[in-house]
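Working notes for the structure below.
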Amino acid sequence: MRTSELVFKSLRETPQDAEAASHKLLLRGNYIRRLTSGVYSFLPLGYRLLRNVERIIEEEFDRVGAAELLLPALQPVEIWRATGRIEKMADVLFGVEGKSGSFVLGPTHEEAVIEAMNPDIESYRDLPKLVYQLQTKFRDEPRARFGLMRTREFIMADGYSFDADRDEMRASYQKFYGAYLAIFARLGLLAEPVEADAGSIGGDVNHEFMVASIIGEDHFARCEGCGYQANIEAARAGDRQAVEVDGEIEPKTYSTPNAPGIESAVAALQALGVDVEIGGMIKSMLLIDEAGRPVLALLPGDRSLKVPHGMRLADDTEMAGFAKGYIGPQGQSPRMQVLADPLIRTRPSWASGANEPGSHTVGLRLGVDFSVDRFEDLAVVEDGDPCPRCGVALSLLRSVEVGHTFQLGLTYSAVLPQARFRSVSGEELPYWMGCYGIGVTRIPAVVAEQYGSLDGDAVVWPVEVAPFVVSIVGVGATKDNQVAETSARLHASISEAGLSVLIEDRNVSTGVAMRDLELIGSPIFCIVGARSLAKGVVEVRDRIHDRTIEVALDEVVETVVRLGRELASERR
RNA sequence: CGGGAAGUGGCGCAGCUUGGUAGCGCACCUGCUUUGGGAGCAGGGGGCCGCGGGUUCAAAUCCCGCCUUCCCGACCA
């Protein structure tokens with residue numbers, strides 16, 4: 001392809017609404033263009049990049065025996081009502097009212113795939129079955145971010161597995177899991193599988209594939225000691241040394257008017273000369289469990305609450321009858337269930353709200369002044385917390401979620417009567433499902449973060465995803481016939497050799513040509529110029545290792561092909 | 001949804017404080033000269049100054065309302 005044929009007009013300055021390096025690069029290099037917040041067009045260069053990503057995914061899914069299909073984006077609300085996810089996912093659903101009924105723009109496709117597969121899965125003989133699709137999905141995200149990182153319309157690669165029992169489901173899961181590792185390796189991404197929370201998709205065992213990146217929206221905890229890794233939503237900390245309750249301390253209550261909340265309470269107590277710190281306060285949070293009963297959760301004041309599964313925070317009406325801002329654990333236990341993070345065992349005494357407005361109590365002892373019904377992980381893990389497996393300090397890494405695999409089990413089949421098959425013994429049984437998603441449109445951004453310059457003015461794409469593996473520039477080609485002819489011949493023969501190749505054919509200065517090609521990001525450059533032609537050579541630049549070699553004219557194609565192969569197999 | 005910043009030719013910005021009818025760089029068009037790392041000279045085109053209302057003889061500029069975009073946060077009683 002020629003640069004003149006590409007829809008390509010590079011930007012010399014970065015648009016002001018780009019913050020992330022990948023976003024700057026993608027805009028400056030004419031890969032994408034925003035239509036509205038979180039909605040992007042892929043221009044020819046960006047689409048070539050995207051197609052390469054898709055091709056890699058398709059090849060690896062095919063390899064594990066999954067068959068590609070395509071499901072509708074436009075889905076009748078009825079199938080969403082049937083699984084109850086019309087409510088569960090309400091905050092991200094885009095609805096469409098048509099003359100022919102109410103529809104949902106699919107944010108995910110579990111319902112649709114079950115409908116599509118239903119007549120084809122009748123018997124155990126039809127199982128296992130692995131399928132996948134690449135589809136545009138729609139989610140009304142509260143906030144789109146960082147260009148392609150989080151968008152409202154995006155493409156996702158979705159694998160689905162259908163199995164007769166748990167063991168077979170696990171075997172299917174392993175197949176996709178293996179395909180995932182192969183895909184991310186080919187994309188040049190160091191994606192780490194971490195234990196995760198299943199969220200609104202449901203199911204039991206699941207892994208997120210995380211790439212450490214400064215534009216990540218997630219954090220995961222990693223243990224250097226034993227390799228334990230978990231998303232911060234799911235991470236647990238190991239036990240800390242419990243501390244003996246101090247028998248000498250007596251509770252004392254202070255008047256602290258207008259000091260709701262931990263921080264103002266500490267300030268108010270300190271103003272009274274009391275020696276307290278934020279970490280020595282108990283944060284008492286009112287939760288509501290599945291049965292609608294109040295539950296009190298206790299954790300240190302400097303910690304964040306991880307709301308336990310099936311529970312939610314109480315709203316203002318449910319808090320009527322409680323001293324909002326001054327809740328404490330004293331005397332609560334018989335009235336309602338009191339849960340506490342194990343960290344509540346690590347101090348001899350605590351300060352807390354006194355259960356009446358404008359008062360706080362210090363010197364509260366666990367088991368003496370307040371009691372706990374159950375200890376449970378309630379605090380979000382922080383940097384330096386001990387690993388739950390080996391006790392070594394955990395570190396927290398900012399990261400991007402590029403994929404998520406789930407063992408759904410019977411989550412969907414249990415509620416959908418059509419999700420059944422006939423077993424060997426003739427019984428009708430629900431089938432076991434797994435689902436496996438990769439954020440396809442997000443990948444170019446993540447790869448660009450990793451392989452692009454900080455200010456977004458150059459990138460070196462990995463060979464397998466590069467829009468063009470080779471870029472040719474003929475220096476002074478408009479004036480020099482020999483340069484022009486040699487470049488054109490190289491372009492034709494490299495293309496014939498099977499590599500994607502771009503030739504600069506616009507009448508621009510060398511500086512402009514080079515800057516633009518750096519934005520397009522081919523890992524290999526061929527520079528043809530009168531100076532080197534006089535010596536019978538062409539400059540071949542390996543941009544990954546930043547090496548330039550002079551290659552005899554008749555060996556250029558062979559050299560470039562070999563270099564391309566080497567660079568593709570190399571792990572950067 | 002809460003907080004912050006910003007909307008002026010395609011892109012980056014100035015002008016706004018102190019109202020007088022819009023300017024710079026890049027990009028674009030024409031011509032000539034250039035071409036081994038974002039060329040030079042000369043000429044030229046393009047803007048309901050985000051939208052609506054108000055104040056005023058007069059509004060990009062002052063006042064009110066709205067919209068859009070970006071960043072941070074969104075459960076911490």
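Stem list for RNA chain B (at least 3 consecutive Watson-Crick or G-U pairs, distances under 3.5 Å): B:1-7 with B:67-73, B:10-13 with B:23-26, B:28-33 with B:39-44, B:50-54 with B:62-66.
Counting to the nearest Å, the C1' atom of B:U68 and the CZ atom of A:Arg152 are 12 Å from each other. Rounded to an integer number of Å, the gap from A:Asp91 CG to B:A74 C1' is 13 Å. The NE2 atom of A:His23 sits 13 Å away from the P atom of B:U69 (whole-angstrom rounding). The separation between A:Glu141 atom CD and B:G73 atom P is 15 Å, rounded to whole Å. Between A:Asp516 atom CG and B:A27 atom P the separation is 11 Å, expressed in whole Å. With rounding to whole Å, A:Leu517 atom CG is found 14 Å from B:G38 atom P. Distance CZ (A:Arg312) to C1' (B:A74): 18 Å, rounded to an integer number of Å. Rounded to an integer number of Å, the gap from CD1 of A:Ile278 to C1' of B:A77 is 15 Å.
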Identify each atom pair where a protein N or O and an N or O of nucleotides 43-46 of chain B are less than 3.5 Å apart, giving names and distance.
none

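Put simply, the residue from A:Asp341, A:Asp385, A:Asp377 that forms a salt bridge (charged side-chain N to carboxylate O under 4.0 Å, His left out) with A:Arg303 is A:Asp385.
Rounded to the nearest Å, the gap between the C1' atom of B:C28 and that of B:C11 is 12 Å. Comparing the same atom, C1', in B:A6 and in B:A14 gives a spacing of 15 Å after rounding to whole Å. For the P atom pair drawn from B:G65 and B:G4, the interatomic distance equals 15 Å after rounding to whole Å. The gap from the P atom of B:U35 to that of B:C16 amounts to 44 Å, rounded to the nearest Å. A gap of 15 Å separates the C1' atoms of B:G25 and B:G15, to the nearest Å. Straight-line distance between the C1' atoms of B:U56 and B:C63: roughly 12 Å, to the nearest whole Å.
Contacts of A:Ala144 with the nucleic acid, taken as non-hydrogen atoms under 4.0 Å apart, involve only primed sugar atoms and P, OP1 or OP2. Within 4.0 Å of A:Arg33, counting heavy atoms only, lies no atom of the nucleic acid at all. Nucleic acid contact class of A:Tyr326 (heavy atoms, under 4.0 Å, all strands): sugar-phosphate only.
Side-chain contact check for A:Thr3 and A:Asp505: at least one donor-acceptor pair (N or O, by modelled atom type) lies under 3.5 Å. Neither side chain, A:Arg543 nor A:Ser522, offers a donor N or O lying under 3.5 Å from an acceptor on the other.
In the set B:A77, B:C72, B:G38, B:A77 carries the atom at the smallest distance from any side-chain atom of A:Ala314. Here the side chain of A:Lys9 is nearest to one of B:C28, B:G38, B:U69, namely B:C28.
A:Gly38 and A:Ala144 make their closest contact through CA-CB, 3.5 Å (heavy atoms, listed as atom of the first residue, atom of the second, distance). Taking each heavy atom of A:Arg442 and A:Val400 in turn, the nearest pair found is CD-CG1, 3.7 Å.
Sorted by residue number, the list of members of residues 251-259 of chain A with any non-hydrogen atom under 4.0 Å from RNA chain B is empty. Near RNA chain B, defined here as any heavy-atom distance below 4.0 Å, there are no residues from residues 354-369 of chain A.
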(message) Base contacts versus sugar-phosphate-only contacts with protein, heavy atoms under 4.0 Å: please encode nucleotides 32-37 of chain B as B, S and - from 5' to 3'.
(response) ---BBB
(request) For nucleotides 1-12 of chain B, just jot down a letter per nucleotide in 5' to 3' order: B, S or -, based on protein non-hydrogen atoms under 4.0 Å. (result) -----S----SS
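RNA chain B is contacted by both A:Leu519 and A:Ile262; A:Leu519 maps to the nucleotide lying nearer its 5′ end (nearest heavy atom per residue).
When the shell of 6.0 Å around CD of A:Glu376 is examined, it contains more than 12 heavy atoms from other residues, nucleotides or ligands.
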